[in-house]
Amino acid sequence: RDLPEDEPPAVVTITGAAGNIGYASVFRIASGAMLGPRRRIALRLLEVPAAVRAAEGVAMELVDGAFELLDSVEVHDDPATAFTGANFALLIGARPRTQGMERADLLQANGGIFGPQGRALNDGAADDVRVVVVGNPANTNALIAMSHAPDIPPERFTALTRLDHNRALAQLAAKAGAPLAEVSRVSIWGNHSSTQYPDIFHARIGQLSGARLAEDRAWLTEEFIPTVAKRGAAIIEARGVSSAGSAASAAIDHIRDWALGHEWGENWTSVALPSPGAYGVPEGLVSSFPARSVGGEWRIVEGLELSSFSRARIDASVAELVAERDAVRALGLV
Ligand code: NAD
Ligand code: LMR
């Protein structure tokens, strides 16, 4: 393969690299699924000291994969060195929610992780760094990291709601008996939690409009919305641990579209990013919006009409984000 040797490799730092999502991500990233078939990659695996040995095992397996695009792989236990020169940071490492646990319980446990990581990104990452937070509670963890990185443009901090978006696409395709490629214009609003609002009112499923499907309010409110919003819990119930393969795949989709762009046409995806005040979401809150990447930046899709049905659900999820923000503020984390 003719690789551009003069172009420096992209430095990709993955936290929690020895965990389930980390393990499901790194081989696909090394094979080019995230940054394309011609971009060399320098992988940095950040773990807590107790999991460094496991991360070294992952690094050995990456070497054994003989990936042509993999320029180097390093294992770190210090964010300061792990993020030096990082072009992309996937903040996955966190404490996963276990059965019966609510996200609020996770705020305190995870809050302490994302402050120091935000600071390390601020001090050492490349000027063009792009960050996606996967570790839960993802939106608020992104807010914490962003608050500790005053020199990085806030819009470079995102949280993953692409998994929710992909789940919604799959449910709609199944409902309509249509191929996934025919489903477009779905939006995830708010928090990556059970309060999220998967919005189909602007969606298209082949010739069918989402608004038409939404006329079946019983299906919408009792099947579709809860199936998507509670899918994370359903996977935990079934697997005993939280989703990993689908989460890794969504994080790769998120970075790929952000960095490489996409032929959006009239379609869009969903991204949690610091609100510029759009759609009445308080400025600075990391909330999910319909968005397209254009020239390496996320742009919120503007001008969508929201019914009172949608508005109430967006407001409820945003209220949860405000409560999370207030809680981490009280803890001195933002
Ligand atoms: P896991 O427990 O298998 O792995 C987490 C890893 O992170 C562990 O190896 C742990 O040692 C490491 N870690 C913990 N603190 C760290 C730190 N400070 N620095 C570096 N590494 C650290 O968990 P998982 O299944 O991979 O899930 C990771 C997170 O992703 C969880 O918070 C989970 O709830 C979340 N998640 C988010 C989505 C989403 O769509 N946003 C989907 C699924 C899971
Ligand atoms: C998911 O969406 O699968 C994860 O965020 C796990 C969870 O806690 O719901």
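Counting starts at 1 for both ligands and their atoms, in listed order. Side chains included, hydrogens not; waters and symmetry mates left out as well; all remaining heavy atoms used. Counting from 1, the numbers follow the sequence of the chain as shown.
The closest approach between any non-hydrogen atom of Val48 and ligand 1 is below 4.0 Å. Within the structure, the closest approach of Ile235 to ligand 2 does not fall below 4.0 Å when heavy atoms are considered. Look at Ala244 and you'll find every heavy atom at least 4.0 Å from all atoms of ligand 1. In this structure, Lys230 has no heavy atom closer than 4.0 Å to ligand 2.
For Asn87 (side chain) and Val11 (main-chain N/O), a donor-acceptor pair under 3.5 Å exists by modelled atom type. A donor-acceptor contact shorter than 3.5 Å is absent between the side chain of Asn191 and the backbone of Ser193. Of the possible polar contacts, one joining the Asn139 side chain to the Val286 backbone as a donor-acceptor pair under 3.5 Å is found.
Residue Ile21 has at least one nitrogen or oxygen atom sitting less than 3.5 Å from a nitrogen or oxygen atom of ligand 1, judged on distance alone. By the 3.5 Å distance cut-off applied to N or O atoms, Val134 is counted among the residues near ligand 1. By the 3.5 Å distance cut-off applied to N or O atoms, Gly93 is not counted among the residues near ligand 1. By the 3.5 Å distance cut-off applied to N or O atoms, Thr15 is not counted among the residues near ligand 1. By the 3.5 Å distance cut-off applied to N or O atoms, Ser243 is counted among the residues near ligand 2. Inclusion of Asn20 in the set of residues having an N or O under 3.5 Å from an N or O of ligand 1 is warranted.
Residue-ligand proximity, Ser243 to ligand 1, at heavy-atom distances under 4.0 Å covers atoms 42 (C), 43 (C), 44 (C). Annotation for ligand 2: atoms under 4.0 Å from non-hydrogen atoms of Gly232 are 1 (C), 2 (O), 3 (O), 9 (O). Contact atoms of ligand 1 toward Gly16: 6 (C), 7 (O), 12 (C), 20 (C), 21 (N) (distance under 4.0 Å to a heavy atom of the residue). Atoms of ligand 2 lying under 4.0 Å from at least one heavy atom of His192, given by number and element, are 1 (C), 2 (O), 4 (C), 5 (O). Those atoms of ligand 2 with a heavy atom of Arg167 less than 4.0 angstrom away are 1 (C), 2 (O), 3 (O).
The residue from Ile92, Thr161, Ile235 that puts a heavy atom closest to atom 29 (C) of ligand 1 is Ile92. Across the listed options Ile113, Asp164, Ile236, Ile113 owns the non-hydrogen atom lying nearest to atom 18 (N) of ligand 1. Looking at Gln117, Arg167, His192, it is His192 that brings a heavy atom closest to atom 40 (O) of ligand 1. Counting only non-hydrogen atoms, the option in Ala94, Ala24, Ala250, Ala82 that gets closest to atom 5 (C) of ligand 1 is Ala94. Counting only non-hydrogen atoms, the option in Ile236, Asn136, Leu163, Leu160 that gets closest to atom 4 (C) of ligand 2 is Asn136. Nearest to atom 6 (C) of ligand 2 by heavy atom, out of Ser242, Pro137, Ala234, Ala244, is Ser242. Proximity annotation for atom 32 (O) of ligand 1: of Val133, Asn136, Val132, Asn136 comes nearest, heavy atoms only.
Residues satisfying the salt bridge (Lys or Arg N to Asp or Glu O under 4.0 Å) test with Glu215, not counting sequence neighbours, are Arg212.
Ring geometry for Phe67 versus Phe27: interplanar angle of 30 to 60°, hence tilted.
In this structure, Arg217 satisfies the cation-pi test against Phe309, with its NZ or CZ atom closer than 6.0 Å to the six-membered ring centre and inside 45 degrees of the ring normal. Remark: Arg292 is not positioned above the aromatic ring of Trp264, lacking an NZ or CZ atom under 6.0 angstrom from the ring centre and at most 45 degrees off the axis.
Taking the charged nitrogens against the carboxylate oxygens, Arg119 and Asp123 have no contact shorter than 4.0 Å, which rules out a salt bridge. The pair Glu7-Arg39 meets the salt-bridge criterion, with a side-chain N (NZ, NE, NH1 or NH2) lying under 4.0 Å from an Asp/Glu carboxylate O.
Around atom CZ of Arg231, no more than 12 heavy atoms belonging to other residues, nucleotides or ligands sit under 6.0 Å away. In the displayed structure, Arg53 atom CZ is contacted under 6.0 Å by at most 12 heavy atoms of other residues, nucleotides or ligands.
Between the side chains of His76 and Thr81, a donor-acceptor pair is found at a separation under 3.5 Å. Counting only N and O atoms by type, the side chains of Ser187 and His202 include no donor and acceptor under 3.5 Å apart.
In Ala247, the part holding a heavy atom less than 4.0 Å from any atom of ligand 1 is the side chain. Contacts with ligand 2 closer than 4.0 Å are made by no heavy atom of Arg239, backbone or side chain. When heavy-atom distances to ligand 1 are checked against a 4.0 Å cut-off, Leu163 comes that close only through its side chain, counted from C-beta outward. Neither the backbone nor the side chain of Arg231 has any atom closer than 4.0 Å to an atom of ligand 2 (non-hydrogen atoms only).
Nearest approach of Ser243 to Arg167, heavy atoms of both residues: OG-NH2, 3.5 Å.
The residue from Leu121, Ile144, Asn141, Leu91 that alone fulfils the side-chain contact (heavy atoms from CB on, under 4.5 Å) condition with Phe157 is Leu121.
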